[in-house]
Asker: 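A single structure is presented below for examination.
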Amino acid sequence: MKPIKSLLLASLFAGAVTVAGAAVLKTDPAKSSVTATFKQMGVPVEAKFKQFTAQIDYDAAQPAASKASVDIQTASFDLGDPDYNKEVTKKEWFNAAQFPKASFVSTAIAPAGAGKLNVSGKLSIKGRSADVSFPLSVKSEGGKQVFEGQLPIKRLAFSIGEGEWKDTSMVADEVVIKFRITAGQ
C-alpha cells in the first residue's frame with residue numbers, strides 16, 4: 001500500500017508542477033517594449049531599452065498568485081544617437097560596466113477591476129533599490145496577454161545623473177518608465 005500511496009503522491013505533485021508551469025508566459029520581444037520618458041531642458045525625450053527579459057507567471061483567475069520580473073540591460077538604452085548612447089553608459093549615468101542591469105521583481109499583484117491590476121515590487125537600478133507600486137492593464141490580443149503600464153520614478157533616487165548632471169534644470173528628475181509586454185503560452 002505504501003508504494004501505491006507514494007506513486008499517487010508523486011503523480012499528484014508532478015501534475016501540480018505541470019499546472020503551475022503552464023501559467024508561465026513566453027514574452028514576444030517583437031511586440032514588447034520598455035521606454036523611459038523625461039525632459040531635457042524642458043523638451044520631452046523618449047528613449048527605449050533595446051534589450052530586456054520579462055518572466056511572467058500569470059493566472060487571470062487568480063491574479064494574486066501571479067508573479068513578474070523584468071531585467072533590463074542598461075547599456076541597451078537608445079537615445080537615437082551613438083554618442084549619447086555611449087554617454088549614458090558612463091559612471092555618471094547608468095554605470096553599465098558596474099551595474100549592467102536594472103531589475104523589477106513583483107511582491108504583490110492585486111485585481112483592481114476589469115482588465116486592471118495593482119502591482120507592487122522592488123525596483124533596483126544602479127545598486128539602489130526602492131519599493132514601488134503602479135497600475136497595470138491586461139488584455140488579450142491575438143491569443144496573447146498584453147500587459148501595459150507606466151511607473152514614474154525620480155532618477156536622482158537611483159543616482160542616475162551624478163556630478164554636474166544632478167542639475168534638474170538640464171535633465172528633469174522625473175522619469176516615466178513605460179512598458180508593453182506581450183506574452184503567451
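Just so you know, these numbers come straight off a predicted model, no measurement behind them. For the single chain, residues carry numbers from 1 onward in sequence order.
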Asker: List in chain and number order the residues that pass ring pair (Phe, Tyr, Trp, His ring centres under 6.0 Å) with Phe99, two or more places apart in sequence or in another chain; answer none if no residue qualifies.
Answerer: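 Phe99 satisfies ring pair (Phe, Tyr, Trp, His ring centres under 6.0 Å) with no residue once adjacent residues are dropped.
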Asker: Tell me the closest heavy-atom pair linking Phe52 and Phe49, and the distance in Å.
Answerer: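 It is CD2-O, 3.8 Å.
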Asker: Are Trp165 and Phe158 co-members of a hydrophobic cluster defined by side-chain heavy atoms under 4.5 Å apart?
Answerer: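 Linked within one cluster.
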Asker: Start with the C-alpha distance between Val34 and Lys178, add both sets of side-chain angles, then the distance that settles side chain to side chain contact (heavy atoms under 4.5 Å, CB included), and finish with yes or no.
Answerer: CA-CA 6 Å; Val34 177; Lys178 298 178 185 178; over 6 Å; no
Asker: Please list, chain by chain and in numerical order, all residues satisfying salt bridge (charged side-chain N to carboxylate O under 4.0 Å, His left out) with Glu164, sequence neighbours excluded.
Answerer: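 Glu164: no salt bridge (charged side-chain N to carboxylate O under 4.0 Å, His left out) contacts found.
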Asker: Got a second to check how far Ile177's CD1 is from Arg155's CZ, nearest 0.5 Å?
Answerer: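 The CD1 atom of Ile177 sits 13.0 Å away from the CZ atom of Arg155.
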Asker: If you look only at distance, which donor and acceptor atoms sit under 3.5 Å apart when one is on a side chain in residues 121-128 and the other is two or more places apart or in another chain?
Answerer:
{"residue": "Lys122", "atom": "NZ", "partner": "Asp131", "partner atom": "OD1", "Å": "2.9"}
{"residue": "Ser124", "atom": "OG", "partner": "Ser129", "partner atom": "OG", "Å": "2.6"}
{"residue": "Lys126", "atom": "NZ", "partner": "Lys91", "partner atom": "O", "Å": "2.8"}
{"residue": "Lys126", "atom": "NZ", "partner": "Trp93", "partner atom": "O", "Å": "2.8"}
{"residue": "Lys126", "atom": "NZ", "partner": "Ser159", "partner atom": "O", "Å": "2.6"}
{"residue": "Lys126", "atom": "NZ", "partner": "Glu162", "partner atom": "OE2", "Å": "2.5"}
{"residue": "Arg128", "atom": "NE", "partner": "Ser159", "partner atom": "OG", "Å": "3.1"}
{"residue": "Arg128", "atom": "NH2", "partner": "Ser159", "partner atom": "OG", "Å": "3.1"}

Asker: Please determine whether side chain to side chain contact (heavy atoms under 4.5 Å, CB included) holds for the pair Val138 and Leu117, giving the CA-CA distance in whole Å, both sets of side-chain angles, and the decisive distance to 0.1 Å.
Answerer: CA-CA 8 Å; Val138 59; Leu117 302 169; 4.3 Å; yes
Asker: Check Arg180, Glu148, Lys50, Lys48 against Ser33 for a side chain to side chain contact (heavy atoms under 4.5 Å, CB included) and give me the one that passes.
Answerer: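 Exactly one candidate clears the test, Arg180.
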Asker: Tell me, with the steps shown, if Asp71 and Lys101 meet salt bridge (charged side-chain N to carboxylate O under 4.0 Å, His left out).
Answerer: CA-CA 6 Å; Asp71 287 327; Lys101 72 176 182 175; 3.6 Å; yes
Asker: Please tell me whether Tyr84 and Phe38 are part of a single hydrophobic cluster in this structure, the criterion being side-chain heavy atoms less than 4.5 Å apart.
Answerer: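 Yes, same cluster.
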Asker: Has the side chain of Ser106 got a donor or acceptor atom that lies under 3.5 Å from a matching backbone atom of Ala68?
Answerer: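 Present.
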Asker: What closest approach, in Å, do Ser133 and Leu151 show between heavy atoms, and which atom pair accounts for it?
Answerer: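 Looking at all heavy atoms of both residues, the closest pair is O-CD1, 4.0 Å.
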Asker: Return the set of residues passing ring pair (Phe, Tyr, Trp, His ring centres under 6.0 Å) with Phe104 (not counting sequence neighbours), or none when no residue passes.
Answerer: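 Per chain and number, Phe104 pairs via ring pair (Phe, Tyr, Trp, His ring centres under 6.0 Å) with Phe134.
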Asker: Nearest 0.5 Å, please: how far is NZ in Lys86 from CG in Asp81?
Answerer: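 Atom-to-atom, Asp81:CG and Lys86:NZ are 12.0 Å apart.
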Asker: Does any part of the side chain of Asn95, heavy atoms only, come nearer than 4.5 Å to the side chain of Lys90, both counted from C-beta?
Answerer: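 Counting from C-beta outward, Lys90 and Asn95 never come under 4.5 Å.
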Asker: Are Leu136 and Val176 connected in a single hydrophobic cluster, I mean Ile/Leu/Val/Met/Phe/Trp/Tyr linked by side-chain heavy atoms less than 4.5 Å apart?
Answerer: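 Shared cluster, no.
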Asker: Between atom CG of Asn85 and atom CD of Glu87, what is the distance when rounded to the nearest 0.5 Å?
Answerer: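 Between atom CG of Asn85 and atom CD of Glu87 there are 10.5 Å.
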Asker: Side chains of Glu174 and Lys154: closer than 4.5 Å at any heavy-atom pair?
Answerer: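 Glu174 reaches Lys154 side chain to side chain.
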Asker: Hydrogens and angles aside, do Glu141 and Thr182 bring a side-chain donor and acceptor to less than 3.5 Å of each other?
Answerer: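 No, Thr182 and Glu141 have no side-chain donor paired with an acceptor closer than 3.5 Å.
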Asker: With sequence neighbours excluded, tell me which residues meet salt bridge (charged side-chain N to carboxylate O under 4.0 Å, His left out) with Asp173.
Answerer: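 Result, salt bridge (charged side-chain N to carboxylate O under 4.0 Å, His left out) vs Asp173: none returned.
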Asker: Applying side chain to side chain contact (heavy atoms under 4.5 Å, CB included) to Val105 and Ser69, what does each step give before you reach the verdict?
Answerer: CA-CA 4 Å; Val105 178; Ser69 65; 4.2 Å; yes
Asker: Report the residue from Asp78, Leu79, Ile160 that forms a side chain to side chain contact (heavy atoms under 4.5 Å, CB included) with Val88.
Answerer: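 Going through Asp78, Leu79, Ile160 one by one, the side chain to side chain contact (heavy atoms under 4.5 Å, CB included) with Val88 is satisfied by Leu79 alone.
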Asker: Grab the two heavy atoms, one from Leu156 and one from Gly161, that are nearest each other, plus how far apart they are.
Answerer: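 Closest approach of Leu156 to Gly161: CD2-O, 3.5 Å.
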Asker: Measure the spacing between CD1 of Ile181 and OG of Ser32 and express it to the nearest 0.5 Å.
Answerer: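 Separation between the atoms: 4.5 Å.
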Asker: With side chain to side chain contact (heavy atoms under 4.5 Å, CB included) as the test, pick out the partner of Phe147 among Ile56, Thr27, Val119.
Answerer: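 By the side chain to side chain contact (heavy atoms under 4.5 Å, CB included) criterion, Phe147 pairs with just one of Ile56, Thr27, Val119: Ile56.
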Asker: For Tyr58 and Gln145, what are the C-alpha separation, side-chain angles and deciding distance, and is it a side chain to side chain contact (heavy atoms under 4.5 Å, CB included)?
Answerer: CA-CA 9 Å; Tyr58 178 68; Gln145 297 292 322; 4.0 Å; yes
Asker: What pairs of residues pass the salt bridge (charged side-chain N to carboxylate O under 4.0 Å, His left out) test when at least one of them lies in residues 26-39, not counting sequence neighbours?
Answerer: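 Every salt bridge (charged side-chain N to carboxylate O under 4.0 Å, His left out) pair that includes a residue of residues 26-39, provided the two are not neighbours, is Asp28-Lys144.
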Asker: Grouping I, L, V, M, F, W and Y whenever their side-chain heavy atoms are under 4.5 Å apart, do Val45 and Phe77 come out in a common cluster?
Answerer: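 They do share one cluster, since a chain of ILVMFWY contacts under 4.5 Å joins Val45 to Phe77.
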Asker: Could you check whether any side-chain N or O of Ser76 sits under 3.5 Å from a backbone N or O of Gln51, counting only pairs where one atom can act as donor and the other as acceptor?
Answerer: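 Here the side-chain-to-backbone pair exists.
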Asker: Given the rule that I, L, V, M, F, W and Y join up when any side-chain heavy atoms are under 4.5 Å apart, are Phe179 and Val132 in one cluster?
Answerer: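 Yes; Val132 is reachable from Phe179 via cluster members.
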Asker: Which heavy-atom pair separates Pro100 from Ala97 by the least distance, and what is that distance?
Answerer: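 Closest pair (atom of Pro100, atom of Ala97, distance): CD-O, 4.4 Å.
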